[in-house]
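Atoms within a ligand are numbered from 1 in the order they appear, just like the ligands themselves. Just so you know, these numbers come straight off a predicted model, no measurement behind them.
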Amino acid sequence: MTTVINEHSLSLKQRAQSILKANDQGGYTVPTKGLYPYQWNWDSVLAAWGFSSFDVDRAWQELESLFGGQWENGMVPHIIFHKPDDSYFPGPAVWGADRSPATTGITQPPIAATFARKIYDEDRKLGLSRVQALYTPLLRWHRWFMTYRVEENAIVITHPWESGRDNAVDWDLPARQVDVSEVGEYTRRDTSHVNSDMRPKKADYDRYIALVNLGRNTGWDEKKIRDISPFRVADPGMTFILLRACRDLLWLCEELNDDANADKDEIEGWISTLEAGAQRLWNPAISAYDSLDIRTGKYAGSLSNASYLCWYAGIQSSTMLEHLNRVYQQLPYPVPSLDPGHPDFDPLRYWRGPVWPFFNALIGIGLEDAGQTDEALHLKNATNKLIAKEGFFEYCHPQSAQGAGGDNFTWTAAIWLSWIDRGMN
Ligand code: DGY
């Protein structure tokens, strides 16, 4: 089976490469100019994957600059503020994480080990020393998660921005417990770049800023944050992504180390924990993987695109496959970030309905690896059509394909190059 690649696709390949080159700031890549003017964690990893289709050395540089921002405790931050830029809020002063380079105080989904392995596979000769140098930083990052962020065996987030799915329905109820009384006045910058109907609402932003203030006031001390924050939510996205990343780290451990035993036991322990955590996130009320509020013990009741990362994590589910095929019937451009049957489905508002092409790549990799070939091919072809119709937007309307959010977007270009343009892997 192959995906449909025609002459139009060839010009799309050139456009995708030019987007990566235009967003390249010299060693690191911005997600898109204006809206996101810094280095974002998982955007950067996907940029590296895109670069690896035509410049493997540049791909490694991208990962190296990201891990240049790693904290002493092992955390890899969600943004690295390489150069001051007034077009984004909240900038380094609001985060108050006193270090160089300046960074935020929270993390983002750890897809790096998975894509480091893929980039290594592009050119093992060139990649060997580069992946060897990244192995211990990756291990330290995973260990940070397993030390500070495991509850009920799953991975918790302490800020909606950590999940990458900022305004997902998953966080609505827990975020309501956040005290916003001291947030005060601030000026958002995102809505000067993008239509406000496509972005989180003001009430969401007040909570985002209140949680940044809470973390900053603890000096970004994970133990203190655990003790005082009302927001602590186990996320299927984070849990599935770290589970997959640990499997790939284990592979790297065996590939790279003559005596891998010590790390191997530790990583295998993490895999068993996270497998149990993934099962804990099964919500029987919606028959799907769901977020779990650790403070209240309640599920969110949200079937999101993160729920479909089970295959990416190496977990088969016939029930999730039924959901996926239902959504394929309902929408020409799946997978929506929120199930279309949910009362809050909002097809252009960021993580409350739109389809995110890069997220489809993660789901698609999982389906391919799990041998769900028909579903994988359907998703790749639908994403191919979506990008061919609309171009390289951040996200799109799952019914009409209308492009939304930022344009000339790095990770959409990257997945075109490394996932769609290459056919079935
Ligand atoms: C934003 O600013 O919208 C980002 O998603 C935060 O990471």
| field | Exercise: identify the closest heavy-atom pair between Asn360 and Val355 | value | ND2-CG2, 3.5 Å
| Which residue holds the protein heavy atom closest to atom 7 (O) of ligand 1, what is that atom called, and what is the gap in Å? | His78 NE2, 2.8 Å
Within ligand 1, which atoms have a heavy atom of [X] less than 4.0 Å away?
| X | answer |
| --- | --- |
| Trp161 | 6 (C) |
| Tyr350 | 3 (O), 5 (O) |
| Arg199 | 1 (C), 3 (O) |

| Going by heavy atoms, is Asp166 under 4.0 Å from ligand 1? | yes
| said: Holding to salt bridge (Lys or Arg N to Asp or Glu O under 4.0 Å), I want the full list of residues that pass it with Arg176, two or more places apart in sequence or in another chain. | reply: none
| request: Identify the residue among Arg199, Lys202, Lys201 that makes a salt bridge (Lys or Arg N to Asp or Glu O under 4.0 Å) with Asp190. | output: Arg199
| Can you tell which of Tyr88, Phe89, Tyr208 gets a heavy atom nearest to atom 6 (C) of ligand 1? |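 Nearest option to atom 6 (C) of ligand 1, by heavy atoms: Tyr88.
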| said: Could you tell me if Asn408 and Thr32 have a donor-acceptor pair between their side chains, going purely by distance under 3.5 Å? | reply: no
| Just checking, any donor-acceptor pair under 3.5 angstrom between side chains of Gln39 and Ser65? |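 Yes.
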